[in-house]
Colleague: 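I have a structure I would like to understand better, so I am pasting it below and will then ask my questions one at a time.
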Amino acid sequence: MLTNNIKNINDIKSIIERSKAAGWILEPDAKKIMQLAGLDIPDFVLTDSLKEAESFLKSSGGAVAAKAVSEKILHKTEHKAVVTGIDSMEILEKEMNRLLKLDGCEAVLVEEMVYGPELIVGAKVDFQFGPVVVFGLGGTSVEIYNDTAIRMAPLKPDDVRSMIDSLKAKALLFGYRGQQGVNMDTLIHTLVTFSHLIMDIEDSMESVDLNPVICTKERCVVADARIVL
């Protein structure tokens with residue numbers, strides 16, 4: 001069901017259409033969908049060239065992450081297909097060479113790193129309720145703490161505030177023991193926009209996982225994205 005909430009829905013549908021044969025959308029294209037929908041993504045380069053990757057590292061002004069991009073690798077952590085905190089040319093060369101040897105990998109996603117609380121934003125189409133949005137504590141700890149909230153899409157700002165308030169770890173978002181809190185307006189915008197995207201693509205998707213979404217006092221950045229069709 002199209003709700004016409006997303007201006008670039010036709011471009012988004014084109015990405016979905018060309019990904020149907022694989023059954024899921026590779027991370028660079030999944031992030032492109034998030035960007036087309038109005039969400040923030042990291043600066044990145046998709047390349048098999050060490051020279052191009054090194055140029056990106058030099059211009060980034062900080063550490064970068066490198067990820068194998070392969071239709072045969074859906075869960076990257078299980079295949080050691082993600083490396084974070086790369087801050088030297090030597091490490092970058094070593095990891096680029098290793099990642100490119102992984103099953104089906106033809107290019108590596110090299111992207112800027114953003115630091116802050118790691119959140120999960122996800123969605124699935126429930127048999128009874130239709131599209132639902134999941135939000136909570138993210139990163140690799142999501143399955144351990146299981147600190148999430150679920151609401152039916154589309155979300156309104158008050159729905160997001162309610163989801164935030166229901167989290168056991170909500171203090172991390174407002175600033176805990178001297179740590180800076182996240183930008184609540186940006187976080188609310190991220191979740192509301194995401195929920196409208198889900199409404200627009202519900203007929204094509206099985207699930208969407210943005211994990212982590214890294215939030216700071218300025219931004220909420222989709223650091224990883226996976227869409228199963």
Side-chain angles (χ1 to χ4, degrees), residues 1-42 74-76 114 117-139 142-143 146-167 170 173 182-215 219-229:
M1 177 181 69
L2 293 181
T3 61
N4 295 319
N5 288 302
I6 304 299
K7 294 180 180 179
N8 298 308
I9 190 61
N10 289 331
D11 293 333
I12 290 171
K13 288 176 67 178
S14 294
I15 295 174
I16 291 173
E17 189 64 30
R18 69 171 182 256
S19 303
K20 282 185 176 179
W24 62 288
I25 300 177
L26 291 169
E27 182 179 350
D29 283 338
K31 281 183 173 173
K32 182 62 177 179
I33 286 176
M34 298 305 140
Q35 186 180 48
L36 288 168
L39 301 183
D40 193 0
I41 65 171
L74 178 59
H75 301 286
K76 289 187 286 292
V114 181
E118 295 188 352
L119 308 175
I120 183 171
V121 178
K124 66 177 183 178
V125 180
D126 183 85
F127 176 76
Q128 183 175 2
F129 298 106
V132 294
V133 175
V134 180
F135 166 71
L137 194 67
V142 62
E143 295 178 357
N146 195 29
D147 189 10
T148 58
I150 301 175
R151 298 289 188 278
M152 293 172 59
L155 300 177
K156 296 180 180 179
D158 283 345
D159 297 321
V160 179
R161 295 185 185 99
S162 173
M163 295 172 84
I164 293 170
D165 192 56
S166 71
L167 298 180
K170 64 182 178 181
L173 304 182
V182 308
N183 187 314
M184 282 296 164
D185 289 339
T186 303
L187 177 55
I188 290 170
H189 166 79
T190 298
L191 281 161
V192 169
T193 300
F194 175 77
S195 76
H196 286 299
L197 169 64
I198 296 310
M199 294 296 293
D200 279 345
I201 66 172
E202 66 168 298
D203 290 341
S204 301
M205 59 161 274
E206 178 180 299
S207 64
V208 180
D209 288 298
L210 311 182
N211 183 27
V213 174
I214 300 177
C215 290
R219 307 171 65 187
C220 279
V221 182
V222 179
D224 197 5
R226 183 173 66 244
I227 301 173
V228 179
L229 301 175

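Computed from a predicted model, the values in this text were never measured in an experiment.
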Colleague: Taking 4.0 angstrom as the limit, do R219 and D40 come out as a salt bridge?
Modeller: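 Counted as a salt bridge, because a side-chain N and a carboxylate O are separated by less than 4.0 Å.
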Colleague: Can you name the nearest heavy-atom pair linking A223 to P42, along with the distance?
Modeller: CA-CG, 4.2 Å
Colleague: So, using side chain to side chain donor-acceptor pair (under 3.5 Å) as the criterion, who are the partners of S204 when residues are at least two apart?
Modeller: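 Testing S204 for side chain to side chain donor-acceptor pair (under 3.5 Å), a comparison that skips the adjacent residues, returns none.
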Colleague: How far apart are the closest heavy atoms of I120 and L137, and which atoms are they?
Modeller: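 Heavy atoms only, the tightest pair is CG2-O, 3.5 Å.
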Colleague: Mind running side chain to side chain contact (heavy atoms under 4.5 Å, CB included) on V208 and F194 for me, showing each step along the way?
Modeller: CA-CA 10 Å; V208 180; F194 175 77; 3.8 Å; yes
Colleague: Excluding sequence neighbours, so at least two apart, what forms salt bridge (charged side-chain N to carboxylate O under 4.0 Å, His left out) with D185?
Modeller: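 Salt bridge (charged side-chain N to carboxylate O under 4.0 Å, His left out) check on D185 returns nothing, list empty.
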Colleague: As an exercise, state the distance from NZ of K13 to CD1 of I33, rounded to the nearest 0.5 Å.
Modeller: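 Here the rounded value is 12.5 Å.
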Colleague: Output the distance between atom CG (L74) and atom CH2 (W24), rounded to the nearest 0.5 Å.
Modeller: 5.0 Å
Colleague: Please give me the minimum heavy-atom distance between N211 and L119, naming the atom from each residue.
Modeller: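 In terms of heavy atoms, the two residues are closest at OD1-O, 3.8 Å.
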Colleague: Nearest heavy-atom pair of G38 and H189: which atoms, and what distance?
Modeller: O-NE2, 3.6 Å
Colleague: So I201 and I9, side chain to side chain contact (heavy atoms under 4.5 Å, CB included) or not? Walk me through it.
Modeller: CA-CA 9 Å; I201 66 172; I9 190 61; 4.2 Å; yes
Colleague: CD1 of I198 to OG of S195: how many Å apart, nearest 0.5 Å?
Modeller: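 Between I198 CD1 and S195 OG, I get 8.5 Å after rounding to 0.5 Å.
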Colleague: With side chains defined as the heavy atoms from C-beta onward, is the minimum distance between V192 and P154 less than 4.5 Å?
Modeller: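 The answer is no; the side chains never approach within 4.5 Å.
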Colleague: Does the N8 side chain pair with the main chain of D11, one donor and one acceptor, at a distance under 3.5 Å?
Modeller: no
Colleague: How close do V133 and A153 get, heavy atom to heavy atom, and via which atoms?
Modeller: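 Smallest heavy-atom distance, with atoms named: CG2-CB, 4.1 Å.
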Colleague: Salt-bridged, R161 to D158, with N to O below 4.0 Å?
Modeller: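 Here R161 pairs with D158 in a salt bridge, since their nearest N and O are under 4.0 Å apart.
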Colleague: Pair L39, L197 - check side chain to side chain contact (heavy atoms under 4.5 Å, CB included), show working.
Modeller: CA-CA 10 Å; L39 301 183; L197 169 64; 5.5 Å; no
Colleague: Over all heavy atoms of both residues, which pair between A149 and L167 is shortest? Give the atoms and the distance, please.
Modeller: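 Shortest heavy-atom contact: N-CD2, 4.1 Å.
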Colleague: Do T193 and H196 make a side-chain contact, defined as non-hydrogen atoms from C-beta onward lying under 4.5 Å apart?
Modeller: no
Colleague: Return the CZ to CG distance between F135 and L187, rounded to the nearest 0.5 Å.
Modeller: 4.5 Å
Colleague: E27 and side chain to side chain donor-acceptor pair (under 3.5 Å): which partner among K32, R226, K76?
Modeller: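 Going through K32, R226, K76 one by one, the side chain to side chain donor-acceptor pair (under 3.5 Å) with E27 is satisfied by K76 alone.
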Colleague: Rounded at 0.5 Å granularity, tell me how far CG in L155 sits from OG1 in T190.
Modeller: 11.5 Å
Colleague: Quick check for you: to the nearest 0.5 Å, what is the distance between K124 atom NZ and D209 atom CG?
Modeller: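 Reported to 0.5 Å precision, the distance equals 10.5 Å.
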Colleague: Exactly one of M34, K31, E206 should register a side-chain contact (heavy atoms from CB on, under 4.5 Å) with I227. Which one does?
Modeller: M34
Colleague: Take D200 and E202, measure what side chain to side chain contact (heavy atoms under 4.5 Å, CB included) needs, and give me the verdict at the end.
Modeller: CA-CA 6 Å; D200 279 345; E202 66 168 298; over 6 Å; no
